[in-house]
Amino acid sequence: MGTTEAWKKMREVCVLGVGLHKFGRFPDESIGDLGREAILAAFADAGCGPKDIQAAFGGRVFTPNTTAMRLVNEVFQTGILIDNVEKACATSSTAVRLATWAIGAGLYDVCLCVGVEKMERGLVGGVPAGAESRASYGQLMGLGIMPAEYALRARRHMYEYGSTREMFAQVAVKSHKNGALNPYAQYQTPVTLEEVLNARMIADPLTLYQCSPSTDGATAVVLCAREVAHKFTGRPITIAGWASGTPAYSASGVSGDVQEGYIERIAREAYERASVGPSDIQVAQVHDAFSAGEIFAIEDLGFAKPGEGGRFVWEGKADINGKVAINTDGGLESRGHPQGATGIAMLAEIVRQLRGEAGLRQVPGNPKVGLQHNVGVGGCNIFIYKK
Amino acid sequence: MAEAVTKKRLPIRRGRFVVPEDPNKQPYLIAGKCKHCGRVFCPPRHLCLNCGKEMMEIIPLSGKGKVYSYSEIHQQLPGALVKTPYVIVIVSMPEGCQISGVMTEKFEDISVGADIEVYWEKMLEDKDGNELIADKYRLVKKGKK
């Protein structure tokens, strides 16, 4: 939790501008090309430029070394501190948290955060052919694969609560419907429930459309202290509360980043710091690396009771015009999941929704509070944003 | 046969189970049990996550447990020896820990809570002709020991 007094003394931090490179497959573009476009878009949105940035944080997951400096130097080279960050799928939201701490503590007024990824097709976590001698037991036996982690928890959810294949599949139907309204999404084609259920099985009960793809893409965000935001033309959105953590040991716990129990704890901290509760959240971007993950998140974040997340989606309560609009930009499954860039993509969508700039996928009713839930093998970051 | 004497059974990776030198003895899964607080960890680890003590005792597991959850995998992991489709199972062990492994049964026959047991399979041969073995899981058939 940290020291309560220090948290209270933090300055208010806001998002000044966001920028994305379209998500998809871009074999002819380097990570520098992807990152440059995202940074320039964030500068344009924020109404600021290189001379305003006092520190930068960022990274990627695969071959991460010195990524942040390489991306920033694509655009400018002013000698500022540039820290490289890696936290699996939660990499770029971790960069944002570090910047938020630094600005909140008064060390800097304006920071840039970046995330990027270029991914190979297929499952992550294996070893190249011929390198089996270096493989772990889990790799040799085909155990440590991400869709299986979600599928195993999904199967247990079906057993304990009576969730159905159709409920998990409906997450992907909704996700693709929203992705079709997002020009930055990797997949912009709606799919039917039948198409999702009949698609190639990946890890039962999860079919192809229920799995996030491998993706190339980049994201950037400019953050600043609220008290200096007036110097720029960006439309600031406040970071009202945030919390991060890792799973705690429990005797009955199943290992892995989809472990039950710890997300509730981190969400509670974030809600407390932002002085809101689950019923105040109107739009949320949650970590649906696999469709079941959205249902777990709905329960973990308190939008529905344990066991009722499947029904929540099935009944349309997570739709753009539902009770809590979830993954309005298509989520990881349809927007795409360039791992190091995903965290800031989630942030960017909340910012656009709270500004009322989300176009065809705009959540109705002038939403004022949004939540981001970004989970990686290395832990979870939750942010709450207010207009 | 001279060859039969020199060839050994070895674990495909160390730390998860023990293969006795005596070929007539069965391999067995192992866990770490904290001598201070009694918590069990599978696979074994050095420090207890519950009490922090470094008093781990290696204990053998019975190799019998119940299905906690399971999934049939259809996407091949690069470099894996096990080929799709195959079933991953999380086994709840009576000793108080969980272990995930590969199960060789028809997917339709598996259910949460079913009784399962470990068995041993040769996965590879090393350059000296030793058999590298790993644990796999199957349903305990009724009426069979």
Side-chain angles (χ1 to χ4, degrees), chain A residues 120-160 168 199-208 210-211 214 247-256 258-260 290 292, chain B residues 11-17 34 37-43 45 47-52 67-90 92 96-103 107-108 110-113 121 123-124 126-127 132 134-136:
Chain A
E120 302 286 336
R121 284 174 186 261
L123 289 177
V124 300
V127 294
E132 287 82 357
S133 62
R134 287 189 277 123
S136 67
Y137 176 87
Q139 288 172 322
L140 289 174
M141 300 300 284
L143 296 176
I145 65 178
M146 289 313 302
E149 287 214 21
Y150 283 78
L152 288 162
R153 189 170 161 195
R155 168 64 57 184
R156 187 72 195 180
H157 203 273
M158 290 163 81
Y159 171 77
E160 285 184 12
F168 297 121
R200 185 161 67 85
M201 188 59 78
I202 301 295
D204 195 286
L206 308 177
T207 60
L208 181 68
Q210 300 177 64
C211 301
S214 53
Y249 165 70
S250 103
S252 61
V254 180
S255 66
V258 292
Q259 182 172 330
E260 295 178 79
F290 301 90
Chain B
I12 191 162
R13 289 289 182 270
R14 292 181 194 285
R16 179 178 166 107
F17 55 89
C34 176
C37 75
R39 291 288 171 90
V40 176
F41 298 90
C42 190
R45 44 177 294 122
L47 286 154
C48 177
L49 286 175
N50 182 52
C51 71
V67 173
Y68 177 82
S69 192
Y70 60 102
S71 173
E72 189 170 52
I73 309 304
H74 293 260
Q75 177 90 17
Q76 186 64 43
L77 182 69
L81 299 170
V82 179
K83 301 302 173 197
T84 58
Y86 60 94
V87 175
I88 296 180
V89 63
I90 299 174
S92 294
C97 60
Q98 288 188 324
I99 191 169
S100 61
V102 172
M103 193 162 174
F107 186 62
E108 307 80 70
I110 307 170
S111 59
V112 172
E121 193 171 288
M123 301 300 297
L124 275 181
D126 71 10
K127 59 179 176 3
L132 302 181
D135 53 317
K136 285 194 172 181

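Order of the sequence lines sets the chain letters (A, B, ...), proteins ahead of strands, with each chain counted from 1.
Between the OG1 atom of A:Thr207 and the NE2 atom of B:His74 there is a distance of 11.0 Å, given to the nearest 0.5 Å. The structure places CD1 of B:Ile90 at 11.0 Å from CZ of A:Arg153, a figure rounded to the nearest 0.5 Å. From B:Tyr68, atom OH reaches atom CG of A:Leu152 across 10.0 Å, with rounding to the nearest 0.5 Å. We find the CD1-CG distance between B:Ile88 and A:Asp204 to be 12.0 Å, quoted to the nearest 0.5 Å.
In this structure, chain A has no heavy atom under 4.5 Å from any part of B:Lys83. Proximity to chain B (any heavy atom under 4.5 Å) is restricted, for A:Ile145, to the side chain, taken from C-beta onward. Contacts of A:Ser133 with chain B are made by backbone atoms alone, with heavy-atom separations under 4.5 Å and no side-chain atom involved. The parts of B:Asp135 that come within reach of chain A are both its backbone and its side chain, each placing non-hydrogen atoms under 4.5 angstrom from that chain. Contact annotation for A:Tyr159: only side-chain heavy atoms (C-beta onward) come within less than 4.5 Å of a heavy atom of chain B.
In terms of heavy-atom pairs under 4.5 Å with chain B, the best-connected choice from A:Arg200, A:Met141, A:Gln139 is A:Met141. For the options B:Val82, B:Leu77, B:Asn50, heavy-atom pairs under 4.5 Å to chain A are most numerous at B:Leu77. Contact tally against chain B (heavy-atom pairs below 4.5 Å) for A:Gly142, A:Ala148, A:Ala151, A:Pro147: the top residue is A:Gly142.
Contact annotation: the side chain of A:Leu140 never approaches that of B:Met123 to less than 4.5 Å [non-hydrogen atoms, C-beta and beyond]. Taking 4.5 Å as the limit, some side-chain heavy atom of A:Arg155 sits within range of a side-chain heavy atom of B:Ser69.
For B:Glu121, the CD atom is densely surrounded, since the number of other residues' heavy atoms within 6.0 Å is greater than 12. Summarising the local packing, CZ of B:Arg14 is surrounded by 12 or fewer heavy atoms from other residues, nucleotides or ligands at distances under 6.0 Å.
Taking the six-membered ring where the residue is Trp, B:Phe17 and A:Tyr137 present perpendicular rings, their angle passing 60° and hence far from 30°.
Nearest heavy-atom pair across A:Leu123 and B:Gln76 is CD1-O, 3.7 Å.
Of the residues A:Glu160, A:Met158, A:Arg156, the one that meets the side-chain contact (heavy atoms from CB on, under 4.5 Å) test with B:Val112 is A:Arg156.
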